[in-house]
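Worksheet: the structure to be examined is printed underneath.
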Amino acid sequence: MPMLNCWHPSSRRKLSVLEQNYVGDKKDLPDTQPEIPVFFYKPASSLIGSGAEVRIPEGVDEIKFESELAVVIGKRTKNIEENEVLDSILGYTVGNDVTAPQFFHEAGHWTVGKSFDTFTPLGPAIQTDLDPLNVYVKAFVNGEEKQNSKSDLMIVSLKRMVSYLSKVMTLEPGDVILTGSPLGAEFVKKGDKVECTIDEIGTLENTFTK
């Protein structure tokens, strides 16, 4: 299958993330998708690649991992419908939406807790030939499986989220959209190794350090 050799973490493009987007079973999927999906931004300065260390901020003992399927935009995209979305996608990679929840604002703002340097590992490659609705998003902590969900358990579909964002902002080549994390994300600490895996793409491996 065609695959770009690596994800280059020096990209300065936009990073958009969809929050809390998985259910545990198909019977739990809602009949209608949210009118306004909950997105947030992560800065490009948070990007690292596979094999790099995730740095736990000073004063924090544990932070949370979240394994995710990530969409990489391939061309300038604006105001597209859901049936046009796949034509705008370059490919797919694996993301880890690292979080320090103690920095969440009491009013519900998440940006600071998601935005520390090294808090967005991406990689190990961009898969350009993939059925995004038929993959399993997995995570292992020190070799123990913590997450394993099929992508058809997303509440907001991949096509819906890309179409929605394109009607809010112009998406540019290299922009990345993290599509939400399955159930099972946990806190990790210094020395833990997290492997976020989608078999068709590969394993994004990062060790957490202080």
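All figures in this text were calculated on a predicted structure; none of them were measured in a lab.
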Quiz item: Which distance, rounded to the nearest 0.5 Å, do you find between the CG of Leu171 and the NZ of Lys75?
Solution: 12.0 Å
Quiz item: Which value, rounded to the nearest 0.5 Å, describes the distance between Thr99 atom OG1 and Phe65 atom CZ?
Solution: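 With rounding to 0.5 Å, OG1 (Thr99) is 10.5 Å from CZ (Phe65).
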So do [Y] and [X] actually touch side chain to side chain, heavy atoms under 4.5 Å?
X      : Y      : value
Met154 : Leu69  : yes
Leu165 : Thr77  : no
Lys150 : Asn134 : yes

Self-check item: Pairs satisfying side-chain hydrogen bond (donor to acceptor under 3.5 Å, both in side chains), at least one member in residues 54-63, at least two apart
Solution: none
Quiz item: Thr207 and Lys193: side-chain donor and acceptor closer than 3.5 Å?
Solution: no
Quiz item: Do Thr197 and Thr203 have side-chain N/O donor and acceptor atoms under 3.5 Å apart?
Solution: yes
Practice problem: In sequence, state the C-alpha distance, the side-chain angles, and the governing distance for Val94 and Asn96, and then conclude on side-chain contact (heavy atoms from CB on, under 4.5 Å). | Solution: CA-CA 7 Å; Val94 185; Asn96 187 350; over 6 Å; no
Practice problem: Run the numbers on Tyr92 and Thr179 for side-chain contact (heavy atoms from CB on, under 4.5 Å), then give the verdict. | Solution: CA-CA 11 Å; Tyr92 306 87; Thr179 59; over 6 Å; no
Quiz item: When the ring planes of Phe103 and Phe116 are compared, do they come out parallel, tilted or perpendicular, using 30° and 60° as the limits?
Solution: perpendicular
Quiz item: Does any pair with a residue in residues 82-94 pass salt bridge (Lys or Arg N to Asp or Glu O under 4.0 Å), and if so which ones, sequence neighbours excluded?
Solution: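 For residues 82-94, and leaving out neighbouring residues, there are no salt bridge (Lys or Arg N to Asp or Glu O under 4.0 Å) pairs at all.
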Self-check item: Residue pairs passing the salt bridge (Lys or Arg N to Asp or Glu O under 4.0 Å) test where at least one lies in residues 176-190, sequence neighbours excluded
Solution: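 Sorted result for residues 176-190: Lys146-Glu186, Lys189-Asp192.
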Quiz item: Would you find more than 12 non-hydrogen atoms of other residues, nucleotides or ligands less than 6.0 Å from Tyr136 atom OH?
Solution: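 Open: at most 12 neighbouring heavy atoms sit under 6.0 Å from OH of Tyr136.
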Quiz item: Given the rule in the side-chain contact (heavy atoms from CB on, under 4.5 Å) test, do Ser149 and Val137 qualify, once you have shown the distances and angles that lead to the verdict?
Solution: CA-CA 5 Å; Ser149 291; Val137 180; 5.6 Å; no
Quiz item: If you measure from the Lys or Arg side-chain nitrogens to the Asp or Glu carboxylate oxygens, is any gap between Glu81 and Lys167 under 4.0 Å?
Solution: yes
